[in-house]
K.L.:
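Here you go, one structure.
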Amino acid sequence: MTKDIATPARTKEILERHGFSFKKSLGQNFLIDPNVLENIVAHAQLSKNVGVIEIGPGIGALTEHLARAAKKVVAFEIDGRLLPVLEDTMSPYDNVTVVHQDILETDLLQAMEEHFEGFDEVVVVANLPYYVTTPIIMKFLLEKIPITGMIIMMQKEVADRITANPGTKAYGSLSIAIQYYMDAEVAMIVPKTVFVPQPNVESAVLRLTRKATPPAEVIDEDFLFRISRGSFVQRRKTILNNLQSSLPDGKLKKELIVDALERAHIEPGRRGETLSVEEFATLSNELYKDFFVELSKG
Ligand code: SAM
């Protein structure tokens, strides 16, 4: 087996050999601890039947561990300066494909067809650039990319918000949007010292596993997410007040919202943070008939 990339000495040697300098704007904090990488890969439960999408391979620290454990790895890297580095570091692995692309601009369904046709299982594993964690996860979920799970290193504060339960300070529209599709848990907390350069914040590895069925049948998922975002605009306000401010004006607005809350069996005096994902789903279905037409104009 080749020497691990993710040791301080080997990473330094690779960076120097290629004259690479970090770009903060791309969230470049590279892992330099093989134990953390082994742990991440263990949580991903890979096998030689599984395909992996990696986002942001950097110099390949995580990529090589994935290549050893999975059938195939397709790694999307935005920074063209890393391509020659990866060509060098990934040369021992014939099951790694590096794609020079911004993941947010990628046609993911087409990429799935192109790279993973016939695969029973594809997972996303990534140490994500922290500034775009949420849009990247939501892109996979909203576009209904047929992945079975995601193992993602991110800012701990974001992982806490994603996994939060109703009634807690961290619970909000992000918890609802992600928990609507996936079971979410923090798999491990990671100290700053395992990265170079060290980030300013603590990190966590989040495990997302697709729910067998969604928690409720929703007429329109976008509408559900708009309602949940609108319900947290002012956390201390009641759900009724927040919805009144966030839904478009119209005749009988308050009455329509009160009626919808009643049909959903939700007290108008409750705060958004006390509603479960199921309650938000029911409420959005009840509000949909009265407000969707209005909202789609705006
Ligand atoms: N996987 C490597 C590791 O763990 O050492 C690097 C992780 S580093 C936190 C994030 C990586 O994502 C960087 O290589 C960066 O260039 C890349 N990146 C940033 N934005 C991206 C995007 N929109 N699409 C693809 N890659 C991106």
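Just so it is clear, the model here is predicted, and its values are computed rather than measured. This chain uses plain numbering: 1 for the first residue, then up along the sequence. Just follow the structure's listing: the first ligand is 1, and inside any ligand the first atom is 1.
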K.L.:
Partners of Phe232 by ring pair (Phe, Tyr, Trp, His ring centres under 6.0 Å), sequence neighbours excluded?
P.N.:
Phe280
K.L.:
Using the test ring pair (Phe, Tyr, Trp, His ring centres under 6.0 Å), find all partners of Tyr131 that sit at least two apart in sequence or belong to another chain.
P.N.:
none
K.L.:
When you check the side-chain N and O atoms of Tyr93 and Thr63, is any donor under 3.5 Å from an acceptor?
P.N.:
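The answer is no; no qualifying pair exists.
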K.L.:
With the threshold set at 4.0 Å, does a side-chain nitrogen-carboxylate oxygen contact exist between Glu279 and Arg270?
P.N.:
yes
K.L.:
Can you find a side-chain donor-acceptor pair between Asn127 and Glu54 that sits under 3.5 Å?
P.N.:
no
K.L.:
Just jot down the ring pair (Phe, Tyr, Trp, His ring centres under 6.0 Å) partners of Phe116, sequence neighbours excluded, or say none.
P.N.:
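By the ring pair (Phe, Tyr, Trp, His ring centres under 6.0 Å) rule, Phe116 matches Phe119.
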K.L.:
Can you list, by chain and residue number, every protein residue with a non-hydrogen atom closer than 4.0 Å to ligand 1?
P.N.:
Leu26, Gly27, Gln28, Asn29, Phe30, Leu31, Glu54, Gly56, Pro57, Gly58, Ala61, Phe76, Glu77, Ile78, Asp79, Leu82, Gln101, Asp102, Ile103, Asn127, Leu128, Pro129, Tyr131
